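Let me begin by presenting the structure, written as structure tokens, before commenting on it.
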2 protein chains.
Amino acid sequence: MAIPRYTGAVSNAELDDLLEVCKALANPTRLQIMGWLRDPSDHFAPQADPVEEVGVCVKQIQEKAGISQSTASQFMSVLQRAGLVESTRIGQWTYYRRNRERIAALPELLSASL
Amino acid sequence: MAIPRYTGAVSNAELDDLLEVCKALANPTRLQIMGWLRDPSDHFAPQADPVEEVGVCVKQIQEKAGISQSTASQFMSVLQRAGLVESTRIGQWTYYRRNRERIAALPELLSASL
DNA sequence: TTCAAGCATCGGAAAATTCCGATATGACGA
DNA sequence: TCGTCATATCGGAATTTTCCGATGCTTGAA
């Protein structure tokens, strides 16, 4: 049984975490989407449920980004797995919104890692 | 001639910049290297020139990371193009060190973009 | 000048990512 | 119950990234 060695200021889990975030953001469209989600009502048309509460549905993101439906769905999954967005299913829609806590913690994670 | 439209809080150039940073960090080895460069003397053996001043030579990084010489050189180029490290050539060695200003500015860039 | 060390670049095989259309699932309305 | 809409997932072609060995360049010592 190997004894884990203390390797620095940041745990491996945190580094893996940061890596996932970087991979998720290492795509121009996904990075843009994150920007649009900062001010949803500025970038997306009105929809059934209030944008500011639940977020933006996949269809709106797909149209805005000019990508296929399947790609839009996959992109949002990638962002969600990285913890950058949260989702709520209401009826036939899945609404995505920024994960504010997580995003607010990123600068600190960055400062601690590089 | 198209008139550029104001599209939000962050310029396209800044987004491209952030994208390059994310791409550079979206690799486990490169991310690790950035961490090692925070405390070079803790992670690398002594070398001809003082680590704290000029940085770490490619050979040390290569050995620490367990990658080939060519890969080490390429990885450092990627990090440099993203602005994350600076280099100094002294004799036969190329020393790489963190770009402190740039790294210090990252949290703000991040906060402004997502 | 010659040799070796350190680094950068080239060429390419393998792996991962991108992004699509097709298809499946569940919700809603007629 | 059917058909439609929004979304998720599957399978795969195209592109990009990864990472290597081979090669070329520059420096410093002999």
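Numbers restart at 1 for each chain; the letters A, B, ... are given by sequence-line order, proteins then strands. Values in this document were obtained by computation on a predicted structure and should not be read as measured data.
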Nearest whole Å is fine: how far is [N] [atom2] from [X] [atom1]?
X	N	atom1	atom2	value
A/M76	D/dT7	CE	P	11 Å
A/I61	C/dC19	CD1	C1'	17 Å
A/L79	C/dT17	CG	P	14 Å
B/Q80	C/dT9	CD	C1'	15 Å
A/E20	C/dA16	CD	C1'	13 Å
B/R89	C/dT9	CZ	P	10 Å
A/I33	C/dT18	CD1	C1'	13 Å
A/Q47	D/dC5	CD	C1'	15 Å

| Excluding sequence neighbours, so at least two apart, what forms side chain to side chain contact (heavy atoms under 4.5 Å, CB included) with A/S113? |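 Per chain and number, A/S113 pairs via side chain to side chain contact (heavy atoms under 4.5 Å, CB included) with A/V10, A/L15, A/L18, A/L109.
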Those residues at least two apart in sequence (or on a different chain) that pass side chain to side chain contact (heavy atoms under 4.5 Å, CB included) with B/E53 are B/P50
Contacts satisfying salt bridge (Lys or Arg N to Asp or Glu O under 4.0 Å) that involve residues 80-92 of chain B (not counting sequence neighbours) are B/E86-B/R97
With sugar-phosphate taken as primed atoms, P, OP1 and OP2 and all else as base, the protein-contact string of nucleotides 15-22 of chain D at under 4.0 Å (heavy atoms; B, S, -) is --SSBBBB
query = Is there a residue in residues 90-99 of chain B whose heavy atoms reach under 4.0 Å of DNA chain C, and which residues are they?
reply =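 When residues 90-99 of chain B is checked for heavy atoms under 4.0 Å from DNA chain C, the hits, listed by number, are B/Q92, B/W93, B/T94, B/Y96.
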*asked:* Check this for me: A/E108, atom CD, are more than 12 non-hydrogen atoms of other residues, nucleotides or ligands nearer than 6.0 Å?
replied: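 Result for CD/A/E108: open.
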Go through the side-chain N and O atoms of A/S73 and A/S70 and say whether any donor and acceptor fall under 3.5 Å apart.
->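 The criterion, which ignores hydrogens and geometry beyond distance, is not satisfied for A/S70 and A/S73.
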Given a cutoff of under 4.5 Å between side-chain heavy atoms of I, L, V, M, F, W and Y, with clusters grown through shared members, what are the other residues clustered with A/V78?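 Besides A/V78, the cluster holds no residue at all.
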If you measure from the Lys or Arg side-chain nitrogens to the Asp or Glu carboxylate oxygens, is any gap between B/K23 and B/D16 under 4.0 Å? no
ask   = Can you check side-chain hydrogen bond (donor to acceptor under 3.5 Å, both in side chains) on B/S87 and B/Q80, steps first, answer last?
value = CA-CA 8 Å; B/S87 69; B/Q80 186 165 34; 3.0 Å; yes
CD (B/Q32) and CD1 (B/I61) are apart, to the nearest 0.5 Å, by 12.5 Å
